[in-house]
Structures are given as structure tokens and as C-alpha cells.
Amino acid sequence: FIHDLKRIVAKVPRERQTLLFSATMPREIQNLAEQWLTNPVKVSVVPQGTTVELVQQSVYFIEKRKKPDLLIHFLKEQGATRTLVFMKTKHGADKLVKILGQRGVRAEAIHGNKSQAQRHRALTEFKSERLPVLVATVIAARGLDIDGVSHVINFDLPMTPESYVHRIGRTARAGAEGIAVTFCDREELSMLREIERLTRQRIPTAKTTGEFAISDQEDNRPAPQQAPRHGGGGPRYQQPRSHSNSGSRRPSGSTKPHVQPVARSSEERLAYGSKRFTKRPRQFQK
């Protein structure tokens, strides 16, 4: 609505009273506050990055191609009643709804390409419990207040860690308990670490079994307070560095590269991919 807001501001008097309300306070919204407000007083309900204590969080480490199968398995195994599934893209949301329908799971999508009438119909069905699964993009992460959402599933991790807090806040409403599950593939590990830094807590790992198991998986994520921070104006999410030109990893406690190639564990394969780096990747400038 930024263009509408700018047109309104251009027509109202300069001497006015302005109040600004926002679910989050990213840099873009802060810029608007600096432009339109005079010496504002900031009122915050809860500190940024605070998650609801009644939400039981967990993360599954899973290959990207197996996420739809794990979702269907999870829905049937857990007996989920009213479930919100969050996707990164509109196309991905529509595609997942089609897959769920083919596997006997009723679902609808809600995103920016849907008309107001389509969104209203999907929400009405979801609130009536005739629709057990609602697949949504970021448009549904803010402002939705639906009682009885038993599960929130992050099929894709959000691009900003603040969005994670708002996503999982769609469950455990009005004092109820809720479950928030995240499916994380190797390309999303850095995003997961950013979320844990923001929330200052480690999300427990849910062990996969059967066809979804990752053999010899070891969860070696650093504690959130010990995670290295990216400096400067570089990208928010950066891929892990390769420590030597030979693609080998450093031994624990060593400050020099270990040039003898070693076999990677499954966790390393998850983080770095199965191929070995043959040269040091270009470093991000600070």
C-alpha cells in the first residue's frame, strides 16, 4: 500500500498528528517513520524476536525433493487438525496444493495472486474446519487471527528471520498450545542459523525415520549466542566457507588448513553439497 500512503501524505497538511502501526519494524518501515513522524515515541509490545513459550518448535533436516512426502506423512502421522503451511513463493503454494489434492489431503492456497473473494472463501473454509490445510505465503504471516490452529509448518524457511516469529505466532493463540515444525534443506541452513540468532534459542532437531532418514546425521549447529555474525553490508545469508583449496575441512582446534582430503559426514554433505570445492569461493566484502 506504499503508493496509496504516499498519495495520502501528499494531500494532508504538514501540521498533523500521525500514528504508525506495524507488525514488524524492518529498515523500510523505519525510513517511513523518519520521513513522516517528528520525534516519535516508540512503543513495542514484546521485544523483537520473542517467540511464544507455548509453541513447541522443532526442525526436520530433509532433502528438498522429499519435502512434499514428509509433509503428507507428518499430517497423517500427527493427526493435524487445522494446519497452516508456509511457502516462499505463490507458484510453490499452488503446486503444493495440487500435490496434496492428488494424495487425498484437502487444501487451499492463499497468496497475493488470489482475489479478495478467493481469499475470503479459503479463510471461511479454514475456520469452519472443512478445510484442514491452508497453504500460504508471507501475506498470511501477519494479521491472521484464527483460533484452533494446531500446527504451523514452515515448508520453506522465510527470507527474513523476523518472518519466522510471525509465522509460528499463528498457533498457540489465546493461551492455547501449538506446534511449529520447520523443514530445512541444505540450502536453508544459514537461514536457520539467522533465526536462532534472532530468537536466541536452539530449535530442537526432530529425527527423521524410514525413507526420510538422513543416515549418520549429526546436528552440529553452534549455539545461537556463539554463532559467528556477518559484518558490514553484505548479504544477510551467506554460504559456509570452504577452508582450503583442496576442499578438505580443518581439524577441530586447528588454525591452519588441513590439506589431507577427508570424507565428509552427512551433516557436512547437507551443508556443503556432495561435490568438493576445487577452489576457494569468492569472499563477500564487508
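As a basis for the values below, the full set of heavy atoms in this structure was taken, side chains included, without hydrogen atoms, waters or symmetry mates. What you see is a predicted model; the values in this text were computed from it and never measured. Note that the numbering runs from 1 along the sequence shown for the chain.
Between E125 and R119 no salt bridge is recorded (no basic side-chain N to carboxylate O distance below 4.0 Å). D185 has no carboxylate O lying under 4.0 Å from a charged side-chain N of R65, or vice versa, which leaves the two without a salt bridge.
For the residue pair V85 and V133, the shortest heavy atom distance occurs at CG2-CG1, 3.8 Å. When all heavy atoms of A122 and E108 are compared, the pair lying nearest together is CB-CB, 4.2 Å. For the residue pair T83 and S150, the shortest heavy atom distance occurs at OG1-OG, 4.3 Å. Taking each heavy atom of D94 and A109 in turn, the nearest pair found is OD1-CB, 3.6 Å. Across every non-hydrogen atom of K64 and P68, the tightest pair is O-CD, 4.1 Å. Across all their heavy atoms, M87 and R167 have their closest contact at O-NH2, 3.7 Å.
Side chains of E196 and Y164: no donor on one and acceptor on the other come within 3.5 Å. Using a 3.5 Å distance cut-off with no hydrogens or angles, the side chains of H91 and N113 do not pair a donor with an acceptor.
Under the 3.5 Å distance criterion, the side-chain polar atoms of K67 are matched with a main-chain donor or acceptor of F183. The backbone N or O of N31 sits nowhere less than 3.5 Å from a side-chain atom of E34 that would complete a donor-acceptor pair.
Separation of atoms CG (L192) and CG (N154) is listed at 10.0 Å; rounding is to 0.5 Å.
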Going by atom type alone, with no hydrogens or angles, which donor-acceptor pairs under 3.5 Å involve a side-chain atom of residues 6-16 and a protein atom two or more places apart or on another chain?
unit_1, atom_1, unit_2, atom_2, d
R7, NH2, D4, OD1, 2.5
R16, NE, T18, OG1, 3.0
R16, NH1, P13, O, 3.2

